[in-house]
Amino acid sequence: MTSTDTFIRAELVSFARDPGDGNLPQPGSLKHYGDGLLWLKEGHIQAIGHYADLIDQLPPNSQALDYRGRLIMPGFIDTHVHYVQLDIMASYGRQLLDWLNDYTFPEECRFASHAHAEALSNAFLDEMLRAGTTTAQVFGSSHPGSVDAFFTACQKRQLRMLVGKVLMDRNAPDALIDGTTGISDTERLIEDWHGKQRLGYSVTPRFAPTSTKTQMDAAGALLRNDPTLWLQTHLAENSGELDWVAQLFPGSRDYLSVYEEAGLVGPRSTFAHGIHLDNGMRKRLAERGANIAFCPSSNLFLGSGLFDREAAKETGMAFTYASDIGAGTDLSGFGTLKSAYQVGQLRGQPLTAWQGFYGLTHGNAKALSLNSQVGQLAPSYEADFVVIDPHATSLLERRIQHCNTLGERLFALMMLADDRAIYETWAGGICQHRRD
């Protein structure tokens, strides 16, 4: 045995593909080992299986970490989050456009300071890992230093992350306008960081109202020149936003067409929210392979509306699960799924635990084109996973004791768990967080 081998004995749960919408997962979609063994080597998964089947294959004198009574799943993935808004979470009483003007823009002005960006980057990553999230697609501020600081913090921790500098050259405070330097700063950041170790760059126009057509066209050119880049922005979150876009772009067919005309809609494009879409727009997103980041706690908090999962499925439009911090109320994937279930109930679209945890892991990875690296517990995959303690709180433990099936236990976690249930978070084969 070499020093790079780690063996963990625990219950293991992972999804190989979409489990479907039924009360039971589709055959072959779920990998579940009640008494499993996870074998790690050099930051990757070497093997996974039943403990009894693998124990004889281990090198002589191997010692396994005994985590029986705990559950291991792939690390959670967050497809849309603003690290620069961590300190304005739980700010009272605004809808989207007022939220931006009253809270977001003043807060983001602080990121002109590299020391502030560095401190917030580390604080955000600490909180994210505490919540069991190992990969995220992240907005910086319009300051290039905010992205340098965040990438540096991610690199030190060997995390797989997508990050981008916000592009906005109008309709924002002068201190945040990037004017003629926004694209050149983005090009420099791409050169410095994209594809380095486990890091990727996501081109990041904030949303159509804060970027001129010239800036969005230039962002589209970046994507055409390098198809390995990602794109993240916002779309159809709030009815007032739709009216504003119609005024700013009177020649465009609809909100989505503003992005289509700039070449921003493709298989690596994530559009946050997508609440106020018609089926024509959903089908156009589906045809181009883009995804909508469903941010349920944010949508409820800002009163933006209820995302229609059934319409997305009927039109073939991919959607993912995201926290949207700071308008969201929880960095925890458990919290996101809890809110997603509540939104679904209001729409008559119940969310099963199978769908929820598939979406938070393999589903989100697939939508981000990361599903060959993360999102599953499988040989050759990067060793990003969470160790969940189903007995973390007295209430959760009482509920788990009354569960008879895996599905019931996963649903109880979806409703009752929080960061206290994350016993450990591993990324790149390293334990990055252990509960106090």
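Residue A312 comes nearest to R282 through the heavy atom pair N-CD, 4.2 Å, listed as atom of the first residue, atom of the second, then distance. Nearest heavy-atom pair across S141 and K165 is O-CG, 3.5 Å. Scanning both residues, M89 and D330, for their nearest heavy atoms gives CE-N, 4.0 Å.
Residues E261 and S252 bring a donor and an acceptor atom of their side chains to less than 3.5 Å of each other. For the residue pair S304/N238, the side-chain donor-acceptor check at 3.5 Å is not satisfied. D308 and Q349 share a donor-acceptor pair across their side chains, judged by distance under 3.5 Å alone. Using modelled atom types and a 3.5 Å distance limit, the side chains of E108 and H143 yield no donor-acceptor pair. When only modelled atom types and interatomic distance are considered, Q355 and D18 share a side-chain donor-acceptor pair under 3.5 Å.
Salt-bridge annotation for D35 and R68: absent, with no side-chain N of the basic residue lying under 4.0 Å from a carboxylate O of the acidic one. Salt bridge status for R435 with D419: absent, with no side-chain N to carboxylate O gap under 4.0 Å. Ion pairing between a basic and an acidic side chain is recognised when a charged N comes within 4.0 Å of a carboxylate O; D5 and K41 show such pairing. With respect to the salt-bridge test (charged N to carboxylate O, under 4.0 angstrom), the residues K283 and E314 do not qualify. Contact check on E408 versus R399 returns no salt bridge, with no Lys/Arg side-chain nitrogen under 4.0 Å from an Asp/Glu carboxylate oxygen. Look at R130 and D418 and you find no salt bridge, because none of the NZ, NE, NH1 or NH2 atoms lies under 4.0 Å from a carboxylate O. Between R284 and E287, no side-chain nitrogen of the basic residue sits less than 4.0 Å from a carboxylate oxygen of the acidic one, so the salt-bridge criterion is not met. Of the charged side-chain nitrogens involved, none lies within less than 4.0 Å of a carboxylate oxygen, so that R253 and E260 do not count as a salt-bridged pair.
Ring centroids of Y201 and W193 are separated by 6.0 Å or more, keeping the two rings apart. Aromatic rings of H50 and Y33 (six-membered ring for Trp) have centroids within the 6.0 Å cut-off, being under it. Aromatic ring centres of F334 and F76 lie closer together than 6.0 Å. Taking the six-membered ring for Trp, Y255 and F271 have ring centres at least 6.0 Å apart. Ring to ring, Y381 and H44 are not that close: their centroids are 6.0 angstrom or more apart. Ring pair Y83/F139: centre-to-centre distance not below 6.0 Å.
When each of T79, N291, N364 is tested with T270 by the rule side chain to side chain donor-acceptor pair (under 3.5 Å), just one qualifies, namely N291. Test Q376, R160, Q373, R198 against D384 for side chain to side chain donor-acceptor pair (under 3.5 Å) and you get one pass: R198. For the ring-ring contact (aromatic ring centres under 6.0 Å, His included) with F411, the qualifying choice from F357, Y341, W354 is Y341, the only one to do so.
At least one donor-acceptor pair under 3.5 Å links the side chain of S14 to the backbone N or O of L377. Distance alone, capped at 3.5 Å, is enough to place a donor-acceptor pair between the T425 side chain and the L129 backbone. No donor-acceptor pair under 3.5 Å is formed between the side chain of H194 and the backbone N or O of L199. Not one N or O on the side chain of D185 forms a donor-acceptor pair closer than 3.5 Å with the backbone of P144.
Atom CD of E191 has 12 or fewer heavy atoms from other residues, nucleotides or ligands within 6.0 Å.
By the 6.0 Å and 45° rule, R70 stacks over the aromatic ring of Y423.
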Test side chain to side chain contact (heavy atoms under 4.5 Å, CB included) applied to L86 and L120, step by step: CA-CA 8 Å; L86 183 69; L120 262 291; 4.0 Å; yes

